[in-house]
Every structure is written in C-alpha cells, then in structure tokens.
A.B. asks: 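So that we are looking at the same thing, I have put the structure below in structure tokens.
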Amino acid sequence: MSSKIMSTTKVFSILVILTGAISFALASDPEPLQDLCVALPSSGVKVNGFACKAESNVTESDFFFSGIAKPGVINNTVGSQVTTANVEKIPGLNTLGVSLARIDYKPGGLNPPHTHPRATEVVFVLDGELDVAFITTSNKLISKKIKKGEVFVFPIGLVHYQKNNGDKLASVISAFNSQLPGTLSIAASLFSSKPAVPDGVLAKAFQIDASEVGAIKTKFAAPKKD
Ligand SMILES: *[C@@H]1O[C@H](CO)[C@@H](O)[C@H](O)[C@H]1NC(C)=O
Ligand SMILES: *[C@@H]1O[C@H](CO)[C@@H](O)[C@H](O)[C@H]1NC(C)=O
C-alpha cells in the first residue's frame with residue numbers, strides 16, 4: 001500500500017519537474033547545438049533563425065557592434081529612438097538567444113505601447129528618468145518611475161511603454177532573451193498595416209466614428225523605422 005502511494009508521489013514529482021523544464025525551454029530562444037553559428041542572411045536556406053557562415057570565414061567583427069555607444073538620432077513625432085543590437089546587426093548572436101537595444105528619449109518623448117512576441121525585456125537606465133509600465137492579461141497596469149542606474153522588467157508578450165516626463169534627455173539599454181525579439185507597436189500595427197485593417201473593425205474596437213479612424217490612419221501614413 002505505502003509503496004504504491006510512494007510511487008504515485010514520485011510520478012507526480014517527475015511530472016512537476018518535466019512541466020517546469022518544458023515551460024523553461026519555451027521561455028526563450030532554443031539552446032544552440034554548436035559553438036558558433038554566425039548568421040549568413042544571404043543564404044537561401046530557410047531554418048529557424050539564420051543559416052551558419054563557414055567557420056573559416058568567421059572573424060571578430062561578427063561579434064562586435066559600436067552602434068549603441070552614442071545616442072540615436074531622434075527624428076520622429078513620438079520623441080524616442082530605438083537602436084537595435086540584435087542578430088541583424090551582430091551576426092554572431094545567431095542561435096545564442098540574447099540581444100540588446102538602446103533607446104533615447106527627448107523630454108516628453110514616448111516609446112509607444114508595444115510588445116515583443118519572443119522576449120522578456122530588462123531595461124537599465126543610463127541617464128535621466130522614465131515613467132515605465134506594462135499591462136497584464138488581467139488588465140492591471142504595473143507602473144513605476146525609474147532613474148539612472150535602476151532596472152525594470154517587461155515580461156514576455158505584455159504590452160509596455162516608457163515615457164520621459166523629465167526635462168532632460170533620457171536613455172536606457174534594453175536586454176532581451178532572444179536574438180530577435182520582434183516589436184509589435186500597437187497603434188502603428190493597427191493603423192498602418194498593409195493591407196489596412198478595415199475602418200469598420202477599428203471603429204468598433206475603439207468605439208469611435210469611421211471618420212476618426214481615417215484621421216488617425218492619415219497620421220500613420222508615413223511609416224517609421226524601429
Ligand atoms: C567565405 O567567403 C567568401 C567570400 O564571401 C566566399 O566566396 C567563400 O565561399 C566562403 N567560404 C566558405 C567555406 O563558405
Ligand atoms: C527629420 O529629418 C529630416 C531630414 O534630415 C528633416 O527634414 C525633418 O524635418 C526631420 N523631422 C523631424 C520630426 O525632426
């Protein structure tokens with residue numbers, strides 16, 4: 001009798017461990033199967049990520065990037081600029097499951113509400129102060145003012161934003177557990193997709209008139225990078 005109870009407990013523990021392992025494995029990019037797989041985007045081969053460059057052609061420049069050493073040029077209506085340091089800029093990141101970005105904000109600048117479908121984000125404030133927030137699936141807003149040297153976490157998939165309500169420039173370094181986290185900007189994706197989301201869908205979703213939908217779409221007509 002007691003040995004039967006023991007084995008049931010054992011099976012239960014194994015199930016718990018397996019479930020944990022599976023959810024851990026799904027929490028970020030897959031583990032690499034070799035030392036290096038420097039991205040070779042010009043390869044026509046379609047794999048989950050990029051095909052690998054021949055190791056004889058790999059150099060230190062495949063693992064180097066100086067593009068986030070200086071502030072990005074902020075030239076848009078929202079007043080913030082994201083400069084990515086992902087596998088598209090650093091081919092050596094291919095299959096390694098991590099990347100960075102730098103974000104610079106003018107006073108009043110906003111990195112508008114968006115999600116990263118493939119990564120959790122950890123921001124470290126280089127300079128200034130930011131009001132940051134994310135929204136859970138139960139519609140709870142988790143928000144905080146963060147300043148130089150402080151860190152904040154945006155869990156994978158959740159809508160989040162950062163706003164510089166200070167009177168000087170602010171900047172952060174963001175770290176991601178994906179070589180290419182992907183960004184889905186809520187307003188831009190809904191109001192400037194190609195082909196367009198029908199006005200009637202947006203009017204009903206936002207509970208506004210179709211004419212107001214048209215006015216918003218006009219403002220998004222010039223697509224922005226990053
Ligand atoms: C290395 O790079 C050169 C120049 O792009 C290319 O011609 C050559 O085929 C590459 N070598 C291998 C082994 O892929
Ligand atoms: C962005 O840069 C372009 C060309 O450099 C300039 O014409 C334009 O006025 C700038 N836009 C903003 C919003 O600063």
Side-chain angles (χ1 to χ4, degrees), residues 18 21-78 80-105 111-112 114-127 151 153-157 160 162 169 171-186 188-189 192-196 220-226:
L18 271 180
I22 290 166
S23 53
F24 177 75
L26 291 177
S28 60
D29 290 4
E31 289 293 315
L33 302 177
Q34 62 274 302
D35 281 3
L36 312 175
C37 175
V38 172
L40 186 63
S42 60
S43 159
V45 177
K46 298 289 178 204
V47 292
N48 191 17
F50 296 99
C52 313
K53 202 184 208 185
E55 196 162 333
S56 55
N57 268 352
V58 169
T59 70
E60 67 282 0
S61 68
D62 290 316
F63 301 90
F64 175 79
F65 185 59
S66 61
I68 58 173
K70 290 191 200 129
V73 176
I74 306 168
N75 180 0
N76 55 44
T77 50
V78 289
S80 77
Q81 183 63 43
V82 179
T83 309
T84 56
N86 58 36
V87 69
E88 292 173 338
K89 311 275 182 66
I90 312 171
L93 281 179
N94 193 36
T95 75
L96 299 183
V98 294
S99 62
L100 295 177
R102 174 186 177 126
I103 314 167
D104 295 284
Y105 313 80
N111 185 15
H114 62 278
T115 75
H116 302 293
R118 293 182 289 278
T120 287
E121 175 175 5
V122 184
V123 297
F124 173 82
V125 183
L126 290 176
D127 223 344
V151 162
V153 177
F154 302 108
I156 185 167
H160 59 280
Q162 305 101 29
L169 288 168
S171 54
V172 302
I173 294 292
S174 292
F176 301 92
N177 61 333
S178 171
Q179 65 178 29
L180 194 60
T183 298
L184 209 156
S185 203
I186 307 301
S189 66
S192 69
S193 70
K194 289 195 180 59
F220 281 96
K224 290 176 210 76
K225 286 211 78 187
D226 279 320

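Residues: numbered from 1 along the sequence shown. All ligand and atom numbering here is 1-based and tracks the order in the structure. The figures here come from the full heavy-atom set of this structure, side chains too, leaving out hydrogens, waters and symmetry mates.
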A.B. asks: Hey, is atom 9 (O) of ligand 1 touched by any protein heavy atom at less than 4.0 Å?
C.D. replies: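 It does not; no protein heavy atom is within 4.0 Å.
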
A.B. asks: Could you say whether the N/O atoms of Ser56 and ligand 1 ever approach to under 3.5 Å?
C.D. replies: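 In this structure, Ser56 places no N or O atom under 3.5 Å from an N or O of ligand 1.
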
A.B. asks: Cut-off 3.5 Å, side chains only: do His116 and Thr183 have a donor facing an acceptor?
C.D. replies: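 Side-chain D/A pair, His116 to Thr183: present.
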
A.B. asks: Are any of the protein's heavy atoms under 4.0 angstrom from atom 5 (O) of ligand 1, yes or no?
C.D. replies: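 Protein heavy atoms within 4.0 Å of atom 5 (O) of ligand 1 - there are none.
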
A.B. asks: For the atom pair CG (Leu184) and OG1 (Thr115), what is the distance rounded to the nearest 0.5 Å?
C.D. replies: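 Answer for the CG-OG1 pair, Leu184 versus Thr115, is 4.5 Å.
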
A.B. asks: Considering only heavy atoms of Ala54, which atoms of ligand 1 have at least one such atom less than 4.0 Å away?
C.D. replies: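 Those of ligand 1 that fall under 4.0 Å from Ala54 are 12 (C), 13 (C), 14 (O).
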
A.B. asks: Short check: is a protein heavy atom less than 4.0 Å from atom 1 (C) of ligand 1?
C.D. replies: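 It does; a protein heavy atom is within 4.0 Å.
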
A.B. asks: Minimum distance, heavy atoms only, to atom 11 (N) of ligand 1: which one of Asn57, Val58, Leu40 is it?
C.D. replies: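 Considering heavy atoms of Asn57, Val58, Leu40, the nearest to atom 11 (N) of ligand 1 sits in Asn57.
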
A.B. asks: Please determine, by modelled atom types, if Asp104 and Gln81 share a side-chain donor-acceptor pair under 3.5 angstrom.
C.D. replies: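 Per modelled atom types, Asp104 and Gln81 side chains form no pair under 3.5 Å.
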
A.B. asks: Are the side chains of Asp127 and Leu169 in contact, using a 4.5 Å heavy-atom criterion?
C.D. replies: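 No, every pair of side-chain atoms sits at 4.5 Å or beyond.
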
A.B. asks: Any side-chain donor-acceptor pair under 3.5 Å between Asn94 and Gln179?
C.D. replies: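 The answer is yes; a qualifying pair exists.
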
